[in-house]
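Before any comments, here is the structure.
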Protein chains: 2
Amino acid sequence: MPQGFFGKYHSIILYGLSLGALLVLMKWLEWRFIIIDYAFEIYAGLIALLFTGLGIWLALKLAQPKTITIEKQVLVANTEFVFDENCLNQLGMSRRELEVLQLMADGLSNQQIAEKLFVSLNTIKTHSSKVFEKLEVQRRTQAVEKAKRLSLIP
Amino acid sequence: MPQGFFGKYHSIILYGLSLGALLVLMKWLEWRFIIIDYAFEIYAGLIALLFTGLGIWLALKLAQPKTITIEKQVLVANTEFVFDENCLNQLGMSRRELEVLQLMADGLSNQQIAEKLFVSLNTIKTHSSKVFEKLEVQRRTQAVEKAKRLSLIP
DNA sequence: ACCAAAATCACCCTAAAGTATGAGGGCTTT
DNA sequence: AAAGCCCTCATACTTTAGGGTGATTTTGGT
């Protein structure tokens with residue numbers, strides 16, 4: 001702010017300085033040639049100047065800065081994955097179905113998923129079918145692709 | 001410049017005019033009614049108050065708002081995809097095989113890939129088998145997953 | 001022009017995936 | 001208590017995927 005301050009408010013500062021210079025000049029003239037009749041006006045001017053400056057200073061100091069949020073797009077290789085539960089509910093997907101979907105995305109076969117979850121192959125088939133329905137896809141590769149797009153899985 | 005001058009510095013001009021007007025007013029008041037001992041102090045206080053307010057107003061009007069720029073990082077899905085040709089050659093993957101792999105990643109069935117590439121289903125099967133060999137996987141879901149990890153496909 | 005790699009296709013077979021339907025038990029909501 | 005959802009499992013069937021082998025044609029490079 002130090003150098004920016006003069007840059008931004010140089011008009012006001014110059015105004016102040018010139019007014020001050022003018023007053024000094026007038027005072028000098030007054031002293032030189034004129035009787036001090038206008039002392040009051042001069043003082044008033046000085047006070048006005050001073051407190052104008054004070055007001056400006058106050059305003060600049062106390063003004064709460066406006067925050068401008070600039071969204072900077074950053075390409076991140078692998079972002080922290082935030083699970084979109086809203087989307088999950090919206091699709092009506094159950095926990096178990098999501099679990100199966102995740103394992104599907106890991107490239108496991110239905111048989112492997114069944115073993116991993118200690119259920120039968122048929123159960124996994126049922127789950128995967130429902131997942132395909134809810135994701136409106138026909139194949140597991142499509143399901144995985146779509147689930148990733150919807151942030152259901154990393 | 002004439003109207004531009006006023007446009008740029010009208011605040012300053014108004015300030016000057018109002019200062020002058022105030023002085024005249026006070027002088028007039030002084031003449032008219034009051035001879036008080038502490039007239040000067042009162043006037044000075046009024047002036048200080050008034051011009052402090054004026055300064056504040058000026059600062060708020062003229063100063064471009066103090067801004068705090070917050071750069072919010074927006075995570076953008078890896079738009080720029082840099083294809084790793086080295087890896088491709090290292091694996092001994094051919095163009096056509098990569099093409100099949102890409103379509104596989106889009107969730108297409110072998111039949112759909114065959115239609116899209118104007119070749120027979122058996123050809124696609126041959127290609128996909130070779131892809132699986134070279135990627136050392138057993139299923140297409142695994143192939144897609146690994147290919148993405150290796151930056152062979154977006 | 002030749003060789004190697006790539007691309008194409010076919011056939012057969014098995015495994016896996018996917019569809020459809022039904023059914024029973026557990027849980028929550030109404 | 002009934003309704004509804006979820007999870008489970010089964011059976012039967014169709015489709016797709018994948019492995020293996022072999023063959024022909026294109027293509028790219030020395």
Side-chain angles (χ1 to χ4, degrees), chain A residues 83-150 152-153, chain B residues 83-150 152-153:
Chain A
F83 172 62
D84 189 351
E85 183 134 13
N86 274 14
C87 191
L88 187 84
N89 295 333
Q90 185 189 334
L91 290 172
M93 189 108 64
S94 72
R95 309 258 152 197
R96 201 58 160 174
E97 284 159 0
L98 179 65
E99 211 173 351
V100 171
L101 179 56
Q102 289 168 335
L103 293 175
M104 248 170 33
D106 291 340
L108 299 191
S109 68
N110 286 340
Q111 183 61 55
Q112 289 173 315
I113 297 174
E115 287 166 7
K116 194 154 202 164
L117 298 183
F118 303 105
V119 294
S120 88
L121 172 60
N122 288 311
T123 303
I124 300 305
K125 282 188 178 185
T126 305
H127 285 319
S128 57
S129 282
K130 296 213 167 196
V131 167
F132 299 154
E133 270 180 39
K134 288 169 183 175
L135 287 179
E136 296 174 301
V137 296
Q138 285 75 44
R139 271 169 294 288
R140 50 175 53 218
T141 46
Q142 290 178 336
V144 170
E145 198 259 344
K146 188 155 188 175
K148 288 190 177 180
R149 265 198 295 115
L150 297 178
L152 295 177
I153 54 178
Chain B
F83 171 63
D84 190 350
E85 183 134 13
N86 275 12
C87 190
L88 187 85
N89 295 332
Q90 186 190 334
L91 291 171
M93 187 108 63
S94 72
R95 309 261 151 193
R96 200 58 159 173
E97 284 160 1
L98 178 66
E99 210 173 352
V100 172
L101 180 56
Q102 288 168 335
L103 293 175
M104 248 169 34
D106 291 339
L108 299 191
S109 68
N110 287 340
Q111 183 62 55
Q112 289 172 316
I113 296 174
E115 285 166 9
K116 195 155 200 162
L117 299 182
F118 302 105
V119 294
S120 88
L121 172 60
N122 288 311
T123 304
I124 301 303
K125 283 188 176 183
T126 306
H127 285 320
S128 58
S129 283
K130 296 212 167 196
V131 167
F132 298 155
E133 271 180 37
K134 289 169 183 175
L135 287 179
E136 296 173 300
V137 296
Q138 285 74 44
R139 269 170 296 287
R140 51 175 53 219
T141 46
Q142 291 178 335
V144 169
E145 199 257 344
K146 188 155 188 177
K148 286 191 178 181
R149 267 198 293 116
L150 297 179
L152 294 178
I153 54 179

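Labels below follow one simple rule: chain letters A, B, ... track the order of the sequence lines, proteins then strands, and each chain is numbered from 1. Values reported hereafter were calculated over all heavy atoms of this structure, with side chains retained and with hydrogens, waters and symmetry mates removed.
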May I ask you to say what Ser129(A) touches in the nucleic acid, namely base, sugar-phosphate or nothing, with a heavy-atom cut-off under 4.0 Å?
-> base
Grab the CZ-C1' distance between Phe132(A) and dA16(C) for me, whole Å please.
-> 12 Å
With respect to the phosphate group of dA17(C), does any side-chain polar atom (N or O) of Asn110(A) fall under 4.0 Å of OP1 or OP2?
-> yes
Gln111(B) CD to dA17(D) P, in whole Å, measures 9 Å
Specify the separation, in whole Å, of atom NZ of Lys134(A) and atom C1' of dG18(C).
-> 17 Å
Nearest listed nucleotide, side chain of Arg139(B), among dC9(D), dA17(C), dA17(D) = dA17(C)
Would Asp106(B) and Glu145(A) satisfy side-chain contact (heavy atoms from CB on, under 4.5 Å), going step by step from the backbone distance to the final call?
-> CA-CA 7 Å; Asp106(B) 291 339; Glu145(A) 198 259 344; 5.6 Å; no
For atom CG of Leu121(B) and atom P of dA7(C), their distance in whole Å | 18 Å
Nearest-Å distance for atom pair CD/P, residues Gln142(A) and dA17(C) | 15 Å
Can you check the Lys130(A) NZ to dT8(D) C1' distance for me, whole Å?
-> 11 Å
In whole Å, what is the span from the CG atom of Leu98(A) to the C1' atom of dC7(D)?
-> 15 Å
Please determine, for the side chain of Arg96(B), which listed nucleotide (dA7(C), dC6(D), dG18(C)) has the closest atom?
-> dA7(C)
Return the angle between end axes of the helix from dA1(C)-dT30(D) to dT30(C)-dA1(D), with five pairs used per end and rounding to 10°.
-> 60°
Closest of dA7(C), dA10(D), dA16(C) to the Ser120(A) side chain is dA10(D)
Using a heavy-atom cut-off of under 4.0 Å over every strand shown, decide if Ser128(A) touches base, sugar-phosphate, or nothing.
-> nothing
Between Leu108(A) and His127(B), which is nearer to the 5' end of DNA chain C once each is assigned its nearest nucleotide?
-> His127(B)
Identify the residue among Ile124(B), Leu103(B), Val100(B) that makes a side chain to side chain contact (heavy atoms under 4.5 Å, CB included) with Leu108(B).
-> Leu103(B)
Any idea which heavy atoms bring Ala143(A) and Leu135(A) closest together, and the distance?
-> O-CD1, 3.7 Å
Given dC9(C), is OP1 or OP2 found less than 4.0 Å from the side-chain N or O atoms of Thr126(B)?
-> no
Distance in angstrom units between Glu133(B) CD and dG20(D) P, rounded | 8 Å
If every non-hydrogen atom of Ala105(A) is compared with every non-hydrogen atom of Ile153(A), which pair is closest and at what distance?
-> CB-CD1, 3.5 Å
With the threshold set at 4.0 Å, does a side-chain nitrogen-carboxylate oxygen contact exist between Arg96(B) and Glu99(B)?
-> yes
Which is it for Gln112(B) and Arg139(A) under the side-chain contact (heavy atoms from CB on, under 4.5 Å) test, yes or no, and what are the steps along the way?
-> CA-CA 12 Å; Gln112(B) 289 172 316; Arg139(A) 271 169 294 288; 2.8 Å; yes
Nearest-nucleotide wise, let me know which of Lys125(A) and Ser94(B) is further upstream toward the 5' end of DNA chain C.
-> Ser94(B)
Below 4.0 angstrom from OP1 or OP2 of dG18(C), is there any side-chain N or O of Arg140(A)?
-> yes
Do Lys125(A) side-chain atoms and Asn110(A) backbone N/O form a donor-acceptor pair below 3.5 Å?
-> no
With sugar-phosphate meaning primed atoms plus P, OP1 and OP2, does Thr123(B) contact a base, only sugar-phosphate, or nothing at under 4.0 Å between heavy atoms?
-> base
Heavy-atom count around Lys146(A) NZ within 6.0 Å, excluding the residue itself: above 12?
-> yes
Among dG18(C), dT8(C), dC9(C), which is the nearest nucleotide to the side chain of Asn122(B)?
-> dC9(C)
